[in-house]
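Before we start, here is the structure in question, set down as structure tokens.
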Number of protein chains: 2
Amino acid sequence: MTRIKEASTIQENKKLVFQECPITYVMERIGGYWKPIVLFNLLSGAKRYGEIRRAMPQITEKVLIQQLKQLEADGLLLREAKPVIPPHVVYRLSESGKALQPVLYAMAVWAVAESEQNSPLARKDLSQFPAIE
Amino acid sequence: MTRIKEASTIQENKKLVFQECPITYVMERIGGYWKPIVLFNLLSGAKRYGEIRRAMPQITEKVLIQQLKQLEADGLLLREAKPVIPPHVVYRLSESGKALQPVLYAMAVWAVAESEQNSPLARKDLSQFPAIE
DNA sequence: GGGGTAACCTACTTTCGGGTAAGTACTTGT
DNA sequence: ACAAGTACTTACCCGAAAGTAGGTTACCCC
């Protein structure tokens, strides 16, 4: 008699757990590789699309747009487009996005401490970590 | 004359940017959906494999093991296995892992504030957020 | 000697994110 | 008349991640 695995209710469980684990909530909103990096780039102030792209040469245009759209739909940043030619689009953090500053700062502190341990050459400092506004 | 897109050097760029953006460093080590959640569950202390699994019914066994292995290989947690039958395996945060406590705490603070805004019903408090040890 | 238990492992399949490359609309500059 | 700039969009493809389902070991208990 082969028993059946109890893993089939995972999709149900997911919904319940959102109410339990705060980190799960965070991952649903800013999870993934790129979103925190985009948010970090906007911490220092509103930027045009092209500025963001040049600040992140690692990401492809397609994925950048996609991440920006998702972050906008998720209420983490605001898109302001002036109807001119050539287009002029500015992205800025929403209030929810600004509220992530402590999270990103804590990440940066950890990153600096860790990379110092691993390779003392790559020493950095946080003196000019973006504040808000 | 069709010009060639300048996106072909993305793999090269990625390496360079690690030295520039601290958030990128963080994403390389704890990026992805599950890793922060696993780390959060270990913040309150060492746990057996089965405890972690029961604490995270959303994740499949396969993926949980995989994430634990990756976190171990990445030096974020330590695995201690007692050679008994049935097996007895304990996972605990390494020093690097413990150093993530402020990051996870900042995330939890944000999550609580945000979920209060969105649905005042889901009110939570952080009074028993895991300290370390 | 059959069932329970703990911490896995393996094979298979589907899904999804991401990479590459190119095109578009409209204007300004030469 | 052509290139350049701006903010995208589209199509195609690929590999990695994740889900599903089963198996394994070796002991203990009844």
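Per chain, numbering begins at 1; letters A, B, ... match sequence-line order.
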Between B:Trp110 and A:Pro102, is there a donor-acceptor pair closer than 3.5 Å when you use the side chain of the first and the backbone of the second? no

Distances under 3.5 Å between protein N/O atoms and the N/O atoms of nucleotides 14-18 of chain D, please, pair by pair.
{"from": "D:dA18", "atom 1": "N7", "to": "B:Lys62", "atom 2": "NZ", "distance (Å)": "3.1"}

Under a 3.5 Å distance rule, please check whether B:Ser94 uses its side chain to pair with a backbone N or O of B:Gly75 as donor and acceptor.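 Yes: the side chain of B:Ser94 pairs with the backbone of B:Gly75.
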
Write down the distance between CD (A:Glu80) and C1' (D:dA7), rounded to a whole number of angstrom. 16 Å

Between A:Gln101 (side chain) and A:Pro130 (backbone), is there a donor-acceptor pair under 3.5 Å? yes

Flag, side chain of A:Lys47 to backbone of A:Asn41, donor-acceptor distance under 3.5 Å: yes

Measure from the side-chain heavy atoms of B:Pro86 and tell me the nearest of D:dC8, D:dT6, C:dT5.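 The closest nucleotide is C:dT5.
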
What is the distance, to the nearest angstrom, from the CD atom on B:Glu61 to the C1' atom on C:dA7?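 It works out to 8 Å between those atoms.
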
Could you tell me whether the side chain of B:Glu51 and the main chain of B:Arg48 form a donor-acceptor pair under 3.5 Å? yes

Atom NZ of A:Lys47 and atom P of D:dT6 are separated, to the nearest Å, by 16 Å

B:Leu64 has an atom CG; how far is it from atom C1' of C:dC9, in whole Å? 14 Å

Whole angstrom value for the distance that separates P of C:dC8 from CD1 of B:Ile52: 9 Å

Whether the side chain of B:Lys82 engages the backbone of B:Pro87 through a donor-acceptor N/O pair (distance < 3.5 Å, no angle test) should be reported. no

Tell me the bend of the helix from C:dG1-D:dC30 to C:dT30-D:dA1 as the angle between end helix axes, each from five pairs, rounded to the nearest 10 degrees.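 Answer rounded to 10°: the end axes differ by 0°.
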
Please give, in whole Å, the distance from C:dC26 C1' to A:Lys82 NZ? 18 Å

When you compare the side chains of A:Tyr33 and B:Glu28, does any donor N or O come within less than 3.5 Å of an acceptor on the partner?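 Result is yes, a qualifying pair exists.
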
Candidate list A:Leu68, A:Ile59, A:Leu39, A:Leu64, test side chain to side chain contact (heavy atoms under 4.5 Å, CB included), partner A:Trp34, passing option: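 The passing option is A:Ile59.
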
Closer than 4.0 Å, any side-chain N/O of B:Arg53 to the OP1 or OP2 of C:dT5?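 Checking B:Arg53 against C:dT5: no side-chain N or O falls below 4.0 Å of OP1 or OP2.
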
Look at A:Arg48 and D:dT6 and indicate whether a side-chain polar atom (N or O) is within less than 4.0 Å of OP1 or OP2. no

Quick one: B:Ile65 CD1 to C:dA6 C1', roughly how many Å, whole number?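 Nearest whole value for this atom pair: 10 Å.
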
Is there a path of hydrophobic side-chain contacts, each under 4.5 Å between heavy atoms of I, L, V, M, F, W or Y residues, that connects A:Leu78 with A:Ile52? no

Measure the distance from CG on A:Leu68 to P on D:dC8 and round it to the nearest whole Å. 8 Å

